[in-house]
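In what follows, a single structure is set out as structure tokens and then discussed.
Just so you know, these numbers come straight off a predicted model, no measurement behind them. Both backbone and side-chain heavy atoms feed into the values below; hydrogens, waters and symmetry mates do not. Lettering follows sequence order; numbering is per chain, from 1.
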There are 4 protein chains.
Amino acid sequence: MMIELDLQSEIPIYTQLMDQIIEGIASGRLEPGESLPSVRSLASDIGINLHTVNKAYTLLKQEGFIQVHRKKGVIVVQKEEMPQVTEHYLAKLGQQLRPVVAESLCRGLNQEQLTEIIARLYNDIQPQDKE
Amino acid sequence: MMIELDLQSEIPIYTQLMDQIIEGIASGRLEPGESLPSVRSLASDIGINLHTVNKAYTLLKQEGFIQVHRKKGVIVVQKEEMPQVTEHYLAKLGQQLRPVVAESLCRGLNQEQLTEIIARLYNDIQPQDKE
Amino acid sequence: MMIELDLQSEIPIYTQLMDQIIEGIASGRLEPGESLPSVRSLASDIGINLHTVNKAYTLLKQEGFIQVHRKKGVIVVQKEEMPQVTEHYLAKLGQQLRPVVAESLCRGLNQEQLTEIIARLYNDIQPQDKE
Amino acid sequence: MMIELDLQSEIPIYTQLMDQIIEGIASGRLEPGESLPSVRSLASDIGINLHTVNKAYTLLKQEGFIQVHRKKGVIVVQKEEMPQVTEHYLAKLGQQLRPVVAESLCRGLNQEQLTEIIARLYNDIQPQDKE
DNA sequence: GTGGTCTAGACCACA
DNA sequence: GTGGTCTAGACCACG
């Protein structure tokens, strides 16, 4: 599992970590049931604070992407248990996307172009092996 | 100019204010050349500190959405001077959207559905000059 | 006398006005002894406040570039009376130029290039008719 | 890092601070990658408010001279990432220098003399690695 | 302990 | 009256 952090970024490290793990799941590089490194080992691997990894894991657990077993350690949830498209999620999505769309409109980036960007991201992230 | 803020939100007030103003421009409720309320009056209108408004204005000025005119006060930039779709902007956009798409993939929200959400936001915000 | 002001600029209008008049003198478009418009007419010509023009004139007078006669109005000083290169002026110059040179060094603009820019400005402003 | 401020000057403190830091970089007293004191410690060291220091740092960050690193704090950018000579910078430079040259012409300070002043500043600021 | 945010009150330059 | 600057004190997120 490759984690790339930008320590200069204004995005908190724990958020970047969450994003990377979620993208890992989305892309298939992290499979359901697969186990993640322990808080300690991941922290030392990428050279950040224990608390930071812990915070990311805790939030991912809260959102339902991972489970923490006393014995098996940290694992990605099974496909059936993966978080769904809830009302709450859709609301958050709209709230996130609204300012993005507004700025696009101001700058003259039209709906087709934005859709195209979204499409490229889907293809970019999505698992490519179709078998 | 209606401004709606959520003082409890984790999103900084000055960011919400920027978003609202940008959406105002995108929607046509704020027209190019139109003048915005003074820092002081807007602050007292919406019940926040003038420095918070000032920060929002300053950032909007830096991004090129508004100008501070010595006589007319704060004005929305002319259409020709509106910020463009720069490389830098596209990079920022991709960076913002990437985690959104990743989470969508995990939750099983497919590309068509996300595109549909974008489309609705475009229609929602866009100026509705129907007459 | 053409005056070009940028009302959006962060540079105060009275300063821009002073700069323009000094450049006018430097370029020969305003000759020693020539009279400048009255505060009132200049203000209405360029559409700014009386006080602003007044401030510019007052400061120019203090610096010795113009004289205000009760009868002749405002005139550019004679060549012999033009402000000289004083110690005080050199100190001000160094103080102004120091940060400019420092930033140039940081950005990798070398001495020759900066000198070239200065040279171009001299040629640009200087009176061109040599007869 | 020595900082000398003139609290009586008409030049804003945050500007003086920016200038001093840029000169520090230009002179080599501040090396790329080196970390700057925290907002709080610098503020208390030089006896000004932390918000004033913060403003200077924020602007320097925006201009690309420093970065805020999540672990190392505030650092001078690496040499490769140092701001370049952009069109925008050259425009700003011309705008800054134009009135200076105009006044020089009026006062009879010729191009050679001004060039000489620039040269002295370059030598004065430039890193003196003689050993 | 760090930077980021917000509030509050004050002074000044500008127009 | 406007924006710009500075000070001061407080809370929070982050690491």
Item to complete: Considering just the side-chain nitrogens and oxygens of C:K55, establish if one lies under 4.0 Å of OP1 or OP2 belonging to E:dA15.
Response: no
Worksheet entry | Nearest-nucleotide 5' precedence on DNA chain F, B:V39 against D:K71 | B:V39
Worksheet item: Under 3.5 Å, is there a donor-acceptor pair between the B:E4 and B:Q20 side chains?
Response: no
Worksheet item: Do the side-chain N and O atoms of C:T52 and C:Y57 include a donor-acceptor pair separated by under 3.5 angstrom?
Response: no
Worksheet, complete the sentence: When D:L50 and B:V68 are each assigned the nearest nucleotide of DNA chain F, the 5'-most assignment goes to B:V68
Worksheet entry | Whole-Å distance separating the CG atom of D:L17 from the P atom of F:dC6 | 10 Å
Worksheet entry | Salt-bridge present (B:E103, A:K92; N to O < 4.0 Å) | yes
Worksheet item: Under a 4.5 Å cut-off applied to non-hydrogen side-chain atoms, are A:I21 and A:L36 in contact?
Response: yes
Practice prompt. Look at B:Y14 and E:dC6 and indicate whether a side-chain polar atom (N or O) is within less than 4.0 Å of OP1 or OP2.
Written response: no
Worksheet item: Taking for each residue the nucleotide of DNA chain E bearing the nearest heavy atom, is the 5' side occupied by C:N49 or by B:T15?
Response: B:T15
Discussion item. Between A:R40 and A:S38, do the side chains contain a donor N or O and an acceptor N or O under 3.5 Å apart?
Written reply: no
Worksheet item: With a 3.5 Å cut-off and just heavy-atom distances, do the side chain of B:R40 and the base of F:dG1 make a donor-acceptor pair?
Response: no
Discussion item. Please compare B:L7 and B:R70 by the position of their nearest nucleotide in DNA chain E and report the one closer to 5'.
Written reply: B:L7
Worksheet item: Does the base of F:dG4 carry an N or O that pairs as donor and acceptor with the side chain of B:H51 under 3.5 Å?
Response: no
Worksheet item: Taking the side chain of D:P12 as heavy atoms from C-beta outward, which of E:dG3, E:dC6, F:dC6 is closest to it?
Response: F:dC6
Discussion item. What's D:K72 touching, base or sugar-phosphate or nothing? Going by heavy atoms closer than 4.0 Å.
Written reply: nothing
Discussion item. Using a heavy-atom cut-off of 4.0 Å across all strands, would you classify D:Y57 as base, sugar-phosphate, or nothing?
Written reply: nothing
Practice prompt. Would you mind reading off the distance between D:I13 atom CD1 and F:dG4 atom P, rounded to a whole angstrom?
Written response: 18 Å
Worksheet item: Can you find a side chain N or O atom of B:T52 that sits less than 4.0 Å from OP1 or OP2 on E:dC6?
Response: no
Worksheet item: What is the distance, rounded to the nearest whole Å, between atom CD1 of C:I11 and atom C1' of F:dG4?
Response: 15 Å
Discussion item. OP1 or OP2 of F:dG4 versus the side-chain N and O atoms of B:N54: is any pair under 4.0 Å?
Written reply: yes
Worksheet item: Applying a 3.5 Å limit to both distances, which nucleotide forms a Watson-Crick or G-U wobble pair with E:dC14?
Response: F:dG1
